[in-house]
Structure formats: structure tokens, C-alpha cells
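Treat the numbers as computed from the prediction; the structure is a model and nothing was measured. Position 1 is the first residue of the sequence; numbering continues from there.
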Amino acid sequence: MAKTIAVVSGGIDSVTMAYHLRTQGHHLHLLGINYGQRHRRELACARLAAERLGAPYEEADLSGARGVLRGSSLTDLALDVPVEGIGGISEAGGTIAVPGRPNIVPNRNALLLSAAFALAVVERAQAVAFGIMAEDIGPSDTSPEFLDAFLAMERIATRGHAHPDLDLIAPLESMTKREVITLGHRLSVPFADTWTCFRGEELHCGRCASCAERRGAFDAAGIPDPTRYAASAVAAVKGPET
């Protein structure tokens, strides 16, 4: 079996990827990464996924990078996470991140993959697995060009130290969120124990871009959404009582 370092955030995509890889015969080693994200409670879901899969789990603490990852609501606590479709001033009265791409952390995936390849070297793994999907293709560091170039760079950087066939794989890259949920449902992925919300509070807010995508994908897949959302989000969906 191929030994594979799976970068798992604790979200639906990466957890489903890990379950899928196990069915494909991969010997998994899960890696969670704290890069200073405000929703780092997702990492508890990554650890839980590893336990359920019977796979080793490690967590890289790169939280000090938050200071140089300013300008995104995911890492900059001076910015509020916007409600999907709303710009300007947030509900909390604070400034929302730059309109258009408030939840993008430029170059983040280069940081995450560097940590994963470092672990792949010491573990003599044959592959690093990354859980991007078709709808992620847009930000520069999720593009096929980026992944190909990053692998080429790592093969030079780790030459003589890593497994000679070290590869970078993205098993879900051609799948939509709806298809990922359908796959996860077939694999009995415990969706209730995955984390999506950018706010990182006690419950999913149900209103940020990530929660909106999650809710819409479950609906499109025709699969019940087991997620516990904040009461305000549930009320917004139901509408005012008449």
C-alpha cells in the first residue's frame, strides 16, 4: 500500500478525501495545520477523522504565520467574516475584508503543502494528498498549474531525501461539492463531525460563504444536512413568521 500524507483540515472535502483514499488502499498519515486561522476548531475534526480511520495524526503549528497573512477574514482578526452576499460593514459593526475575495488567503496552500512535503520526507511517503475540488479552481494556489509546478519544485527540493516516486495527488479535483457529499455519503463519512464555518464559533453560523456552500451542496445532493447551525441562520432560511 502507498504511504500517503493526507492534508486534512477537518472539513467535508479533506475528510471525504481521506475516507476515499483508505478505500483505495492507501496507508494514511493525516496532517492538520494551524496557520493562525480563526476557525481552527476544524482541527479537532481532523484529529477525530484520523482516530476513526485508525491513521496516525500530526498537527503542524504554523500559527505564527498569521501576522504575514493579513488582509483575509480567515486570518486577520481585525476583519469580520462577511455574511454571504453582503459587503461593507459587518453585522458586528467592524470592517469587512477586501470586497470580492474576503476569504482567500493568498499563497496559503504553498505554506500548507510545504509542511506536508516536509513530513513526507521524514515518513518516506510516496504521495501527498490535497483535498481541492473542481469549484476551488480559481485562486491561483488551487490551480492545476500551481500543483504541477509545486510538485516539480518539491522534487528538486527533496531530491536524495524523499521517496524517489514522491507525488502530489488531488483525488477530488474534478468533483463538485455536491459530488463530494454524494461520495462521502456512500463512504459513511460522519458529516456531523466535519467543520466548515469560517467564523469558528460554537455552532456553524450558516451565513458565511463556506456555510452557504455547505448548505447548498447538501440540498443539491438530496442528502440530509446533519449540521447544527446557529438559530439566527435557521430563522433566516425559514423567514419571518406570519
Side-chain angles (χ1 to χ4, degrees), residues 6-26 28 30 32 37 39 41-55 74 81-86 101-104 129-139 142-144 169-242:
V7 181
V8 176
S9 66
I12 285 176
D13 303 335
S14 61
V15 172
T16 297
M17 176 191 72
Y19 273 70
H20 171 66
L21 289 171
R22 183 185 64 173
T23 66
Q24 299 298 306
H26 290 252
L28 295 176
L30 271 60
Q37 66 270 43
H39 57 298
R41 65 171 299 160
E42 66 182 357
L43 295 173
C45 295
R47 183 181 296 275
L48 182 57
E51 291 175 1
R52 287 175 168 161
L53 290 167
L74 272 63
V81 176
V83 172
E84 175 70 352
I86 299 177
R101 305 181 85 80
N103 302 313
I104 299 298
F130 206 48
I132 63 170
M133 58 173 189
E135 291 158 333
D136 291 328
I137 305 300
T142 58
S143 66
I169 60 176
L172 310 182
E173 64 180 345
S174 65
M175 302 178 70
T176 65
K177 191 79 164 188
R178 175 186 62 79
E179 292 169 332
V180 170
I181 287 176
T182 300
L183 172 63
H185 181 67
R186 189 167 71 245
L187 297 174
S188 299
V189 172
F191 291 127
D193 293 321
T194 61
W195 189 264
T196 293
C197 184
F198 288 148
R199 293 182 184 274
E201 297 171 347
E202 183 177 354
L203 299 176
H204 281 74
C205 76
R207 305 184 70 190
C208 67
S210 192
C211 281
E213 180 188 51
R214 181 183 181 111
R215 297 173 77 156
F218 272 107
D219 185 59
I223 293 171
D225 182 357
T227 312
R228 294 177 60 213
Y229 294 102
S232 59
V234 174
V237 170
K238 290 181 177 180
E241 294 184 4
T242 56

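- Just one of Ile181, Thr227, Val15 meets the side-chain contact (heavy atoms from CB on, under 4.5 Å) condition when paired with Phe191; it is Ile181.
- Under the side-chain contact (heavy atoms from CB on, under 4.5 Å) rule, Glu135 has a single partner from Lys177, Glu179, Arg178, Met175, which is Lys177.
- A donor-acceptor pair under 3.5 Å links the side-chain atoms of Arg41 to the main chain of Glu202, judged by distance alone.
- Between the side chain of Arg199 and the backbone N or O of Val81, at least one donor-acceptor pair lies under 3.5 Å.
- Looking at every heavy atom in both residues, Cys197 comes nearest to Cys211 through CB-SG, 3.5 Å.
- Here the shortest heavy-atom pairing between Met133 and Thr176 reads SD-C, 4.1 Å.
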Leu172 and Ile132: CA distance, side-chain angles, deciding distance, side chain to side chain contact (heavy atoms under 4.5 Å, CB included) verdict: CA-CA 6 Å; Leu172 310 182; Ile132 63 170; over 6 Å; no
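- Closest non-hydrogen pair, Gly131 versus Asp13, comes out as O-CB, 3.5 Å.
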Distance-only donor-acceptor pairs under 3.5 Å for side chains of residues 46-54, two or more places apart:
from	atom 1	to	atom 2	distance (Å)
Arg52	NH1	Asp193	OD2	2.7
Arg52	NH2	Asp193	OD2	2.9

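- Of all heavy-atom pairs between Ala221 and Thr182, the closest is CB-OG1, 3.8 Å.
- Taken from SG in Cys208 to CD in Glu201, the straight-line distance is 9.5 Å, to the nearest 0.5 Å.
- Using a 4.5 Å cut-off on side-chain heavy atoms (C-beta onward), Pro171 and Leu21 make contact.
- Residue Leu28 comes nearest to Ala55 through the heavy atom pair O-CB, 3.6 Å, listed as atom of the first residue, atom of the second, then distance.
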Decide side chain to side chain contact (heavy atoms under 4.5 Å, CB included) for Arg215 and Tyr229; before the verdict, give the C-alpha distance in whole Å, the side-chain angles of both, and the deciding distance to 0.1 Å. CA-CA 10 Å; Arg215 297 173 77 156; Tyr229 294 102; 3.0 Å; yes
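- In this structure, Trp195 CH2 and Arg214 CZ are separated by 8.5 Å, a value rounded to the nearest 0.5 Å.
- In this structure, CE on Met17 lies 12.5 Å from CG on Leu187, to the nearest 0.5 angstrom.
- Contact between Tyr19 and Pro190 at its shortest, heavy atoms only, is OH-CD, 3.4 Å.
- Screening Leu183, Thr16, Ile12 for a side-chain contact (heavy atoms from CB on, under 4.5 Å) with Val189, the sole residue that qualifies is Thr16.
- Side-chain atoms of Ser9 come within 3.5 Å of backbone atoms of Gly11 as a donor-acceptor pair (strictly under, hydrogens ignored).
- Under a 3.5 Å cut-off, the side chain of His204 and the backbone N or O of Thr196 do form a donor-acceptor pair.
- Using a 4.5 Å heavy-atom threshold, the side chains of Gln37 and Leu43 count as touching.
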